[in-house]
Amino acid sequence: MKLNALPMPEAEAAFLACCGSKSWARRMVEGRPYADAAELMAMADRVWWSLAPADWQEAFAAHPAIGENKVGAEDRSRRWSEQEQSGVASAEAALLAELAEANRIYAERFGTIFIVCATGKSAGEMLGLLRSRLGNDPEVELRVAAEEQQKITRLRLLKVEP
């Protein structure tokens, strides 16, 4: 596996591109070597669900809001976000404005950006999901957002270790 062979700094950077939690990335590096992709995914999930909510929030903060670009993000992570959010690229200006406003309301309500595994979703679908989750209790929403981050992380790990 490619991740097993990388020197520690490069491995940590690769893991951070998959999930923006430094604790998660560090523990994934420490968990090497991985026998195969199944073991890698199992460890990724185990580590993710063992983290504190502050670590989850750190991972969320590494993402751009839906419809925006993350200025200063590591190139690989920014490129992946653009691919994952490709359903927004063709959206009309009015829909993008609705997304921006819903993102603002979400951030105000929950103190973080809206996290969704955007791969394969249109801008309208993402807006619908965002609006539906605005009614969640903050604790429920934190768990839902963490589940979405887990999906994103798994997809990105497959990009590093196909």
Side-chain angles (χ1 to χ4, degrees), residues 12 14-28 31 37-74 76-92 94-161:
E12 189 166 350
F15 282 120
L16 273 172
C18 296
C19 175
S21 164
K22 291 178 181 128
S23 294
W24 181 86
R26 186 187 72 254
R27 287 180 53 196
M28 292 301 294
E39 185 180 340
L40 174 68
M41 294 298 179
M43 180 65 151
D45 292 346
R46 224 177 7 263
V47 170
W48 178 247
W49 292 114
S50 73
L51 296 176
D55 296 309
W56 293 352
Q57 296 284 356
E58 181 182 33
F60 304 162
H63 291 278
I66 298 295
E68 297 178 356
N69 288 323
K70 183 78 173 179
V71 177
E74 189 257 333
R76 176 175 25 191
S77 184
R78 187 177 60 248
R79 213 174 34 253
W80 287 345
S81 289
E82 288 170 2
Q83 291 167 354
E84 293 157 359
Q85 293 187 30
S86 64
V88 175
S90 62
E92 295 181 14
L95 182 54
L96 291 175
E98 286 182 68
L99 261 173
E101 178 62 8
N103 277 325
R104 186 193 64 73
I105 293 167
Y106 183 96
E108 221 171 71
R109 172 148 167 66
F110 298 112
T112 188
I113 68 161
F114 173 68
I115 296 292
V116 66
C117 184
T119 300
K121 291 178 179 66
S122 70
E125 287 174 293
M126 288 184 269
L127 179 59
L129 288 167
L130 194 163
R131 286 180 172 157
S132 73
R133 287 172 47 191
L134 282 171
N136 284 346
D137 173 88
E139 287 182 25
V140 169
E141 182 53 27
L142 178 62
R143 180 74 183 193
V144 171
E147 289 168 357
E148 292 297 310
Q149 176 64 57
Q150 180 187 27
K151 292 176 196 173
I152 295 164
T153 300
R154 289 176 135 265
L155 288 172
R156 289 180 174 191
L157 282 169
L158 289 173
K159 291 176 182 177
V160 175
E161 284 290 348

Item to check | Single hit among Arg156, Gln149, Gln150 for side-chain contact (heavy atoms from CB on, under 4.5 Å) with Thr153 | outcome: Gln149
How far apart are the closest heavy atoms of [X] and [Y], and which atoms are they?
X      : Y      : answer
Ile113 : Pro64  : CD1-O, 3.6 Å
Gly20  : Glu58  : O-CG, 3.5 Å
Leu95  : Gly124 : CD2-N, 3.8 Å

Next on the checklist: What I'd like to find out is whether the side chain of Leu134 reaches to under 4.5 Å of the side chain of Tyr106, using heavy atoms alone.
Outcome noted: yes
Checklist entry - Mind checking whether Met28 and Cys19 have side chains closer than 4.5 Å, heavy atoms only? => result no
Quick check for you: to the nearest 0.5 Å, what is the distance between [X] atom [atom1] and [Y] atom [atom2]?
X      : Y      : atom1 : atom2 : answer
Lys22  : Glu12  : NZ    : CD    : 9.0 Å
Asn103 : Leu127 : CG    : CG    : 9.0 Å
Leu130 : Phe114 : CG    : CZ    : 4.5 Å
Arg154 : Cys18  : CZ    : SG    : 12.0 Å
Asp55  : Ser23  : CG    : OG    : 4.0 Å
Asn136 : Leu142 : CG    : CG    : 11.0 Å

Please check: side-chain N/O of [X] versus main-chain N/O of [Y], any donor-acceptor pairing under 3.5 Å?
X      : Y      : answer
Glu148 : Cys117 : yes
Trp48  : Trp24  : no
Asp45  : Ala42  : no
Arg133 : Ile115 : yes

Next on the checklist: Check Arg143 with Glu147, please: is the shortest side-chain N to carboxylate O separation under 4.0 Å?
Outcome noted: yes
Checklist entry - In terms of side-chain geometry, is the basic nitrogen of Arg104 or Glu108 positioned less than 4.0 Å from the acidic oxygen of its partner? => result yes
Item to check | Qualifying residues under side chain to side chain donor-acceptor pair (under 3.5 Å), relative to Arg131, sequence neighbours excluded | outcome: Glu98
